[in-house]
Number of protein chains: 2
Amino acid sequence: MQEVTQLRKGAQASATQASLLDKLRKLVLSGEYPPGAPLPELFLAEEFEVSRTPVREALKQLENEGLVEIRPKVGTFVRIPTRREIVELFQLKESLEGLAAGLLAKRGPVPELEILKRNIEESERAERRADTAKYAELVHEFHWTIVQGSDNSKLVEHYGRLMNQLAYHRIVLETVERPARMRASIREHQSVLDALLEKDPVGAELAMRGHVNASSLAASRGADTGSVAGAEKEA
Amino acid sequence: MQEVTQLRKGAQASATQASLLDKLRKLVLSGEYPPGAPLPELFLAEEFEVSRTPVREALKQLENEGLVEIRPKVGTFVRIPTRREIVELFQLKESLEGLAAGLLAKRGPVPELEILKRNIEESERAERRADTAKYAELVHEFHWTIVQGSDNSKLVEHYGRLMNQLAYHRIVLETVERPARMRASIREHQSVLDALLEKDPVGAELAMRGHVNASSLAASRGADTGSVAGAEKEA
DNA sequence: GGGTGACTTCTTGCATGCATCAAAGCTACG
DNA sequence: CGTAGCTTTGATGCATGCAAGAAGTCACCC
């Protein structure tokens with residue numbers, strides 16, 4: 001089957017570049033390559049059946065996104081975010097999501113509000129069923145809906161970068177924070193939505209920030225289970 | 001220890017690479033290559049006496065920073081930020097600087113406060129002398145001092161990316177907004193500092209946001225210089 | 001036995017050749 | 001005169017060769 005790919009290599013054209021970056025990002029974010037793991041260009045090149053050049057470019061991009069660290073003449077490694085960085089990112093998250101909520105509130109009646117309403121209803125059902133997986137997915141959707149509803153592409157862009165770096169800790173959030181805070185979290189989502197429906201930007205921003213802050217606190221408290229691999233030691 | 005690694009991230013990378021990126025960025029930001037101008041790899045390679053490879057990597061980075069646009073198989077061009085993006089970026093700026101001011105206020109007595117105090121004093125002198133160049137520099141310093149004083153490296157990082165994209169409009173701010181708003185702006189700086197001295201995070205954040213917002217309004221009002229090259233055609 | 005030095009190996013960094021593709025220009029035809 | 005299709009051109013995208021540097025290894029000397 002690979003033969004076909006080989007033969008058609010020319011026809012794939014630009015698909016290579018973007019998809020390679022996506023694949024690599026996914027592998028890093030999913031923990032397939034754990035923090036601290038080396039990512040040799042040649043290895044990846046063979047793995048994905050391309051030459052070192054596109055792999056190299058993808059790695060550079062990932063470095064820029066804060067997901068890997070390139071040490072010149074040494075190698076590329078999956079980055080280990082420090083505890084401090086996590087806290088910093090959560091502070092940013094609070095601010096950006098607050099901004100998003102405020103902007104969305106100013107937009108008046110938009111389809112996003114209906115989506116959020118349904119999201120909360122579904123969340124309540126998931127909570128009653130104790131379906132934490134579904135619940136986690138819904139929470140993720142809720143936050144992204146608000147950010148994208150801000151109608152500010154630059155905000156979405158920065159938020160995306162931020163969330164990529166927090167992707168690891170989303171796992172923590174979903175396994176530690178969620179079960180304990182489900183009820184409270186849903187209530188907070190509801191107050192955000194209430195403020196949005198009343199077109200109250202200040203209220204929406206404050207509600208959102210309060211919610212994110214509460215989640216973050218719970219998350220970083222629970223994050224003391226960290227240190228995935230023993231690669232925490234730095235030279 | 002990890003801090004050191006962190007800090008070096010931007011600075012390192014085999015002298016050629018980093019300096020090449022800096023040079024290119026500077027040329028784009030300064031307007032040496034105006035918006036819409038093509039940036040052929042080969043041309044730049046000869047210009048800087050390196051091969052296409054490092055040029056290519058630098059351009060990719062600049063694309064990631066939002067300064068250039070790479071159209072596959074066509075070429076790389078200096079990016080023209082749309083009016084809308086400018087507005088979006090100013091919204092982000094307000095939020096991030098507000099966050100920074102709040103965080104700085106929480107930090108208690110730090111050397112930054114003294115720096116800000118002196119900055120305002122100097123600004124007043126510059127204003128009396130009608131020295132707009134010096135004044136512009138001081139304003140820039142004031143804002144950056146607060147952001148860096150937030151002691152949040154991720155915030156600094158995102159803010160830097162943002163300001164790079166606004167670099168063009170800094171010129172507008174400095175030529176249009178400044179002269180008209182000098183007095184008001186200084187007063188606003190003073191109220192930010194007052195809140196900081198009182199360790200009032202909420203007050204500091206609000207003062208900062210009010211100030212940024214006022215500046216942004218003035219700036220976008222004056223920014224009607226848009227549509228530079230004719231490459232604006234949309235599909 | 002401990003430490004120092006050169007070496008080996010593995011990795012990246014850069015240069016360059018070739019294939020590919022988008023767009024502009026030209027030709028021929030309706 | 002206009003337009004469709006072909007050709008030419010110029011740029012990127014990718015592959016690959018080569019050199020340089022950083023770590024770890026091993027032998028050798030004290």
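Excluded from the calculations below are hydrogen atoms, water molecules and symmetry mates; all remaining heavy atoms, backbone and side chain alike, are included.
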Look at the side chain of Arg52(B) against the base of dG13(D) and say whether a donor-acceptor pair falls under 3.5 Å; ignore hydrogens and angles. yes
Over how many whole Å does the gap from Leu42(A) atom CG to dG13(C) atom C1' extend? 14 Å
Output yes when Glu122(A) and Arg118(A) qualify as a salt bridge under the 4.0 Å nitrogen-oxygen rule, no when they do not. no
Taking donor-acceptor contacts at under 3.5 Å, does the side chain of Thr76(A) reach the base of dT11(C)? no
Would you confirm whether Arg209(B), through its side chain, and Glu97(B), through its main-chain N or O, come within 3.5 Å as a donor-acceptor pair? no
Can you tell me if the side-chain N/O atoms of Ser51(B) get under 4.0 Å from OP1 or OP2 in dA15(C)? yes
Regarding the side chain of Arg56(A), the nearest nucleotide among dC14(C), dC14(D), dG13(C) is dG13(C)
Without hydrogens or angle criteria, can the side chains of Glu69(A) and Thr76(A) be said to hold a donor-acceptor pair below 3.5 Å? no
Between CD of Glu63(A) and P of dG13(C) the distance, given in whole Å, is 9 Å
What nucleotide among dA15(D), dA15(C), dG13(D) has an atom nearest to a side-chain atom of Val50(A)? dA15(D)
For the side chain of Arg161(A) and the backbone of Asn64(A), is there at least one donor-acceptor N/O pair under 3.5 Å apart? yes
Expressed in angstrom and rounded to an integer, what is the separation of Phe43(B) atom CZ from dT12(D) atom C1'? 17 Å
Nucleotide dC14(C), atom P - distance to CG of Leu21(B) in whole Å: 12 Å
Whole-Å distance, Glu46(A) CD to dT16(D) P, equals 11 Å
Arg79(B) and salt bridge (charged side-chain N to carboxylate O under 4.0 Å, His left out): which partner among Glu85(B), Glu65(B), Glu63(B)? Glu85(B)
Checking all strands, does Leu39(B) fall into the base, sugar-phosphate, or nothing category for heavy-atom contacts under 4.0 angstrom? sugar-phosphate
Check the distance between dA15(C)'s P and Phe48(B)'s CZ and give it to me in whole angstrom. 14 Å
Nucleotide dA20(D), atom C1' - distance to CZ of Arg71(A) in whole Å: 18 Å
State whether the distance check finds a donor on one side and an acceptor on the other, under 3.5 Å, for side chain Lys73(A) versus base dA20(D). yes
First encountered from the 5' end of DNA chain D, between Glu41(B) and Val74(A): Glu41(B)
Spacing of Glu57(A) atom CD relative to dC14(C) atom C1', expressed in whole Å: 13 Å
